[in-house]
*Asks:* 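Pasting a structure below so you can have a look.
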Amino acid sequence: MGFSGADRLRQEARSREKANRANSFWDAFLMTENGKVKSTLMIYSLFISFLYLAVYFAAFIFLLEPLHGMTENASIMVVYLAESLVPAIAGTVVCGLTWLLFPDKRLVPAAYVWLALMALTVLITMMVLLEGEREARMLFLHFFAMAVPAPLILGGIMSFFLYRRHLKTAPKAEKFLERGVRE
């Protein structure tokens, strides 16, 4: 059973639409005719997400050993919670301080979106690579569950809360400044 002419045209239109959407995403990383980047938000937030990744990695590296020593006699659940939450909280505090540095307040939440996309990519890739190896897959999932969700959840909540608060206060400040300029 073949496609009719109308079905074929619809299929071609859908293919063109998908190609246009994919091209529009990648076009954000290209330069304009002036030599400027089209979407500075995407590029800056991507690099900030690499910075945040390094901060969280350092927090886990420096805090896991002391935490393990402090929770030696605790139950396994307390050990796992402490070793997951304490470095995540420390990293989130450090990353949250960068909120004060950036004039574009969308950068911090966008960086956490990039981190979530990176985490999802790593998870899918490792599940595919470790398909036949049950023990290795379980070990990876154990470490992934201890190190990834807490920073993403805490940092994401923190960044979106700060951004929401900024949106509530920013329009009032802009209106005040606008009114002052007109008078």
*Asks:* Is there a donor-acceptor pair under 3.5 Å between the side chain of Arg137 and the backbone N or O of Gly132?
*Replies:*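 No.
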*Asks:* May I ask you to check whether His166 and Phe161 place their ring centers less than 6.0 Å from one another?
*Replies:*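 So the answer is no for these two rings.
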*Asks:* Same cluster or not: Leu53 versus Val94, using hydrophobic residues (I, L, V, M, F, W, Y) connected whenever any side-chain heavy atoms lie under 4.5 Å apart?
*Replies:*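 No.
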*Asks:* Please report whether the ring centroid of Tyr112 lies less than 6.0 Å from that of Phe160.
*Replies:*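 They do not qualify: ring centres at least 6.0 Å apart.
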*Asks:* What closest approach, in Å, do Ser159 and Trp99 show between heavy atoms, and which atom pair accounts for it?
*Replies:*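 It is O-CZ3, 4.3 Å.
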*Asks:* Should Leu67 and Phe57 be regarded as members of a common hydrophobic cluster, given that ILVMFWY residues are connected when their side-chain heavy atoms come within less than 4.5 Å of each other, either directly or indirectly?
*Replies:*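 No: no chain of side-chain contacts under 4.5 Å links Leu67 to Phe57.
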*Asks:* Between Thr98 (side chain) and Cys95 (backbone), is there a donor-acceptor pair under 3.5 Å?
*Replies:*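 At least one qualifying donor-acceptor pair exists.
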*Asks:* Could you check whether any side-chain N or O of Thr71 sits under 3.5 Å from a backbone N or O of Val79, counting only pairs where one atom can act as donor and the other as acceptor?
*Replies:*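 No, the answer is negative, given that no donor and acceptor are paired below the 3.5 Å cut-off.
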*Asks:* Using a 4.5 Å cut-off on heavy atoms from C-beta on, say whether the side chain of Met126 contacts that of Phe144.
*Replies:*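 In short, these two side chains do not touch, never coming nearer than 4.5 Å.
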*Asks:* Is there a side-chain contact between Met118 and Phe50, using heavy atoms and a 4.5 Å cut-off?
*Replies:*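 Met118 reaches Phe50 side chain to side chain.
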*Asks:* Would you kindly confirm whether Leu152 and Val86 end up in one hydrophobic cluster when ILVMFWY residues are joined by side chain heavy atoms under 4.5 Å apart?
*Replies:*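 No, because Leu152 and Val86 fall into different hydrophobic clusters, even though each may have its own neighbours under 4.5 Å.
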*Asks:* Taking the side chain as every heavy atom from C-beta outward, state whether Met127 and Leu141 have any atom pair closer than 4.5 Å.
*Replies:*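 Yes, side chains in contact.
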*Asks:* Work out which heavy atom in Pro87 is nearest to a heavy atom in Leu63; give both atom names and the distance.
*Replies:*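 Scanning both residues completely, I find the closest heavy atoms to be CA-CD1, 3.8 Å.
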*Asks:* Taking all non-hydrogen atoms of both residues, which atom of Tyr163 and which atom of Lys105 are closest, and how far apart?
*Replies:*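 Looks like CD1-O, 3.5 Å.
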*Asks:* Just so I know, are the side chains of Leu162 and Pro109 near enough to count as touching, which here means a heavy-atom distance under 4.5 Å?
*Replies:*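 Side-chain contact under 4.5 Å: no.
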*Asks:* CG/Leu46 to CG/Leu41 distance, rounded to the nearest 0.5 angstrom?
*Replies:*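 Separation between the atoms: 11.0 Å.
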*Asks:* When clusters are formed by joining ILVMFWY residues with side-chain heavy atoms under 4.5 Å apart, either directly or through shared neighbours, do Ile89 and Ile157 land in the same one?
*Replies:*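 Result: no, two separate clusters.
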